[in-house]
2 protein chains.
Amino acid sequence: MAYSVKTSSTNFQNKTHLKEFCSIFKALDFIGGRWKVNILAYLFEHDSLRFKELKRLLEGISERMLSAKLKELESDGLITKETFPEVPPRVEYKLTEFGRTLRPVLESLNEWGKATNSSK
Amino acid sequence: MAYSVKTSSTNFQNKTHLKEFCSIFKALDFIGGRWKVNILAYLFEHDSLRFKELKRLLEGISERMLSAKLKELESDGLITKETFPEVPPRVEYKLTEFGRTLRPVLESLNEWGKATNSSK
DNA sequence: CTGTATCCGAGCGGATACTG
DNA sequence: CAGTATCCGCTCGGATACAG
């Protein structure tokens with residue numbers, strides 16, 4: 001993880017400015033993997049979801065994965081987790097303002113993906 | 001690989017339109033992994049590079065990986081491979097028109113990545 | 001309901017040696 | 001120069017059982 005772009009200093013002609021693409025790997029870490037995009041997509045549409053609701057929506061995800069990915073998204077500042085001291089416990093996940101800024105980016109990725117219509 | 005978005009039909013209130021985000025996974029397959037973005041970035045700047053040149057630019061990549069990723073990018077239609085029947089052999093890789101359409105998308109991802117400035 | 005703990009198989013990607 | 005062949009460790013993610 002944490003792919004890095006070497007700040008190369010090869011003596012290659014026409015030295016590139018690859019360093020400027022560094023942040024792509026940060027972005028890909030935020031949305032990479034099997035589930036994060038889906039979780040975010042559901043949160044774009046629901047603005048508040050509980051653990052169980054997400055589990056149901058994301059058909060097939062294990063609790064282990066859901067828990068892990070929510071934790072990552074939270075520590076990345078994309079979502080917030082609010083725990084209500086009830087019995088049984090209730091926990092709600094929402095996008096942060098910052099999380100919402102990801103939406104147009106994902107949509108442009110999605111638009112580009114549509115254009116591929118490859119046989120894959 | 002080939003993450004899929006189940007065309008769910010849960011009876012969840014306010015059914016989402018997640019299906020519309022399907023193509024993101026196609027896009028992520030095209031640019032995912034440790035090296036593809038870097039290869040593309042160099043091709044954005046050089047418009048023609050040989051195997052050895054790419055290997056030198058992508059410091060640390062093994063020939064195995066470079067070969068594999070170039071093959072994938074070619075079969076995805078993002079780059080072309082031209083072999084010159086010389087001794088020693090010469091092979092040049094270029095972006096296709098379609099490959100170039102990826103540039104603005106990567107740039108928007110990159111811009112978003114910059115905004116994170118997390119401690120990761 | 002909302003998680004954590006453990007185990008495990010599959011695949012990505014690195015290292016090295018070899019070939020046309 | 002431009003790859004292919006082999007081997008191998010590591011991480012991702014699935015399955016299942018258990019806990020607060």
Side-chain angles (χ1 to χ4, degrees), chain A residues 1-6 10 12 25 28-39 42-43 46 48-76 79-94 120, chain B residues 1-6 10 12 25 28-39 42-43 46 48-76 79-94 120:
Chain A
M1 199 98 324
Y3 303 140
S4 63
V5 176
K6 299 282 184 55
T10 65
F12 191 78
F25 296 106
L28 291 179
D29 273 353
F30 278 63
I31 64 173
R34 173 73 182 77
W35 295 107
K36 283 176 170 179
V37 165
N38 286 4
I39 294 174
Y42 281 120
L43 254 12
H46 288 282
S48 174
L49 285 170
R50 306 178 56 169
F51 189 88
K52 187 67 177 297
E53 290 171 336
L54 278 164
K55 181 171 159 60
R56 185 161 36 213
L57 288 168
L58 301 159
E59 301 174 60
I61 196 172
S62 67
E63 287 162 0
R64 182 177 108 76
M65 266 301 114
L66 180 53
S67 178
K69 294 311 158 187
L70 287 170
K71 202 168 284 182
E72 288 177 27
L73 290 170
E74 188 196 2
S75 96
D76 284 346
I79 66 175
T80 58
K81 167 184 184 171
E82 188 176 7
T83 306
F84 298 87
E86 306 173 357
V87 176
R90 180 163 59 100
V91 179
E92 296 200 339
Y93 295 93
K94 301 174 189 255
K120 304 187 92 167
Chain B
M1 199 100 322
Y3 305 139
S4 64
V5 176
K6 300 281 185 57
T10 65
F12 192 78
F25 296 106
L28 290 180
D29 273 353
F30 278 65
I31 64 173
R34 172 75 183 76
W35 294 108
K36 282 176 171 179
V37 166
N38 285 4
I39 295 174
Y42 280 120
L43 253 13
H46 288 282
S48 174
L49 285 169
R50 307 178 56 167
F51 188 87
K52 187 67 177 297
E53 291 170 336
L54 278 164
K55 180 169 160 59
R56 184 161 37 211
L57 288 168
L58 300 161
E59 302 174 59
I61 195 173
S62 68
E63 286 162 359
R64 182 176 108 75
M65 267 300 116
L66 181 53
S67 179
K69 295 309 157 185
L70 287 171
K71 204 168 285 184
E72 288 177 27
L73 290 170
E74 189 196 1
S75 96
D76 284 346
I79 66 174
T80 57
K81 167 181 181 171
E82 188 175 8
T83 306
F84 298 86
E86 306 172 355
V87 176
R90 180 162 60 102
V91 178
E92 296 200 338
Y93 295 93
K94 301 177 190 253
K120 304 188 91 167

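In what follows, chains are A, B, ... by sequence order, proteins preceding strands, each numbered from 1. Here the structure is a predicted model, which means the values were calculated and not measured.
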**Q** Can you tell me if the side-chain N/O atoms of A:Lys55 get under 4.0 Å from OP1 or OP2 in C:dG3?
**A** no

**Q** Which one, C:dC1, C:dT4, D:dG13, comes nearest to the side chain of A:Pro88?
**A** C:dC1

**Q** Does this structure show an ion pair linking A:Lys71 with A:Glu74, if we count only N-O contacts that are shorter than 4.0 Å?
**A** no

**Q** From the set C:dT2, D:dG3, C:dG13, return the single nucleotide nearest to any side-chain atom of A:Val91.
**A** C:dT2

**Q** For the atom pair CD1 (B:Ile79) and NZ (B:Lys69), what is the distance rounded to the nearest 0.5 Å?
**A** 12.0 Å

**Q** When you measure from the side-chain N and O atoms of B:Lys71 to the phosphate of D:dA2, is any distance below 4.0 Å, counting only OP1 and OP2?
**A** no

**Q** Respond yes when some side-chain nitrogen or oxygen of A:Arg50 is under 4.0 Å from OP1 or OP2 of C:dC1, and no when none is.
**A** no

**Q** Looking at B:Lys52, does any N or O in its side chain come under 4.0 Å of the phosphate oxygens OP1/OP2 on D:dA2?
**A** no

**Q** Of the nucleotides C:dG3, D:dG14, D:dA2, which one has an atom closest to the side chain of A:Arg64?
**A** D:dG14

**Q** Nearest to the side chain of A:Glu63 - C:dG14, D:dG14, C:dT4?
**A** C:dT4

**Q** Looking at C:dG13, I'd like to know if its phosphate oxygens (OP1 or OP2) sit under 4.0 Å from a side-chain N or O belonging to B:Lys36.
**A** no

**Q** If you check the B:Met65 side chain, which of C:dG13, C:dG3, D:dG13 turns out closest?
**A** C:dG13

**Q** B:Pro89 side chain: which of D:dG20, D:dG3, C:dG20 is closest?
**A** C:dG20

**Q** May I ask you to verify if any side-chain N or O of A:Lys69 is less than 4.0 angstrom from the OP1 or OP2 atom of D:dG13?
**A** yes

**Q** Output the distance between atom CZ (A:Arg56) and atom CZ (A:Arg50), rounded to the nearest 0.5 Å.
**A** 9.5 Å

**Q** Go through C:dG14, D:dA2, D:dG13 for me and flag the one nearest to the A:Arg34 side chain.
**A** D:dG13

**Q** OP1 or OP2 of D:dA15 sitting under 4.0 Å from any side-chain N/O of A:Ser62?
**A** no

